Amino acid sequence: MKLPIMFVIYPEKNVLCFCSTTRTSGSSGTVTIKCKDLRVFQLDIPGMEQCLNIAHSIEALSSLDCASEMYPFFYRPQDLSLKNQWGLSNPVKDFAQLGESQDKWRLSEVNKDYSVCPSYPPVVIVPSAIDDDTLKKSARFRQGGRFPVLCYYHRKNGMVIMRSGQSLAGANGKRCIEDELLLQAVIDDSDKGYIIDTRSSQQAQQARMTGGGLDLKSNYSCWSRLHRQMERGKVLQESLIKLVEACEDQSHSVDRWLSKLENSKWLSHVQTALKTAGLLAECVERDGHSVLVHGSNGTDNTLLISSLAQLIVDPHCRTLEGFLTLIDREWVQAGHPFQKRCAHSAYSHARLTQEAPVFLLFLDCVWQLWHQFPLALGFSEALLLKIAKDVYASNYGNFLCNSDQERCALGVKERTHCLFQALMRPKEREHNSNPLYEPTELAIWPSTYPQSLQLWRALFFRWTQHFRQLEEAQEEIRNLVIQCCSARQNTERKHT
């Protein structure tokens, strides 16, 4: 017999699972547990009544609708203190990095009570020529109140990346003078800027019928609009489900495997994300123009593209600390709704409308960069795998809730430990660092040709027996590399 779909959270690892029971004989049953990190367990339990009781207990433990009941609020390791610093990103520190351009920008506390934009942090960086009243009016003209804010300053040429939600022009083509002034203040005396819309032109036009829309050229004459359609929501989630199903196929047929892989379209989504991020990086780095990025809500593909582009052009973002800071700033504080997007992973049959592996797609794109430029990134694949697990089920509080406002209301920063700080501890740092890392000031331009993109085997095949053996061999190779690098450094010190 089959029981209804259920979910469970392992107390020690906060792993959400899909669970079903099957009668194997008259007096026993099997509980199958499919974890969010793609592991699968089968428990053979003697006694059908006991098996059903366990299944019902799992079902009861799954109903944790409130984030404050989740495991991070109870995780208390001996080597961490709740008094430790929480998070890595700091708007004051980000503002200081503007250098000589600080006079063009300012820190605004217009959202200090989250009333202007519920998904923004309390402090944001905006043009100094724009006052808070103008920001409030711009926010009313943008989806979710997400008015344009600075997320990256390119020190080489002074160009910036801004991000926002879509304009609410609607079918009648409404305009907002304050929003236009804000964007004009961004480019100042420059000849023009670019707006990268992560929707197709047709999708943007259709959004006008429901109150959304696009930035009309007649109102933003100094900005050129570029449309790059990126899938989101249900399409991405179904793609991940199909990919995981393909990876679990035991038929050993090459044609069947390749067909399933292609039908999942996961690598196509990776390719599109890297192409669009490359376009954004090219506008800033090569063409020398500032860019505004948005789609619909500005909380998914917008963050994906802006963060990838920063990895491409900014050497600091490619260090261990810089990468973790990037995630903290561009995903956690910028309002990606982790609790909605990462609720059930690939095994859920609930088909929740708001579930979407956007952040997992980001990590896959980062892995592609790591794979193509093995010396240019200062962090290891192990770090990416750790974050990929923690975003779905973690001991730490960083990925709880959907915004900084929600985390503040629950006291997440005061009552849970910070993943990023834990990953920066000395004993963790060595494991999370790339022993072959050689810093470069140059941009790293990813190849998006189909033959250049690879399936991230360490993630999607991680729990197969074959890959576990390969993983052990790779760890031995890593240790040898670390020893060789250490020996070389000692030799160089002796000669100096």
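Nothing fancy with the numbering, it's 1 onward along the sequence. Predicted model, so just to flag it, every value in this text is computed and none were measured.
How far SG of Cys342 is from NZ of Lys340: 13.0 Å, rounded to the nearest 0.5 Å. Taken from CZ in Phe147 to OG in Ser164, the straight-line distance is 10.5 Å, to the nearest 0.5 Å.
Two rings, from Trp105 and Tyr153, have their centers 6.0 Å or more apart. For Phe74 and Tyr71, the ring centers are positioned 6.0 Å apart or more.
By the 6.0 Å and 45° rule, Arg286 stacks over the aromatic ring of Trp445.
Judged purely by distance below 3.5 Å, without hydrogens or angles, the side chains of His294 and Asp215 pair a donor atom with an acceptor atom.
Between Asn297 and Gln143, the closest heavy-atom pair is OD1-CG, 3.4 Å. For the residue pair His431 and Ala382, the shortest heavy atom distance occurs at NE2-CB, 3.5 Å. Shown here for Leu214 and Ala169, the closest heavy-atom pair between the two residues is O-CB, 4.1 Å. Closest heavy-atom contact between Arg146 and Arg163: NH2-NH1, 4.2 Å. Considering every non-hydrogen atom in both His417 and Ser81, the closest pair reads CE1-C, 3.6 Å.
A parallel orientation is assigned to the rings of His371 and Trp367, their planes being inclined by less than 30° (bins at 30° and 60°).
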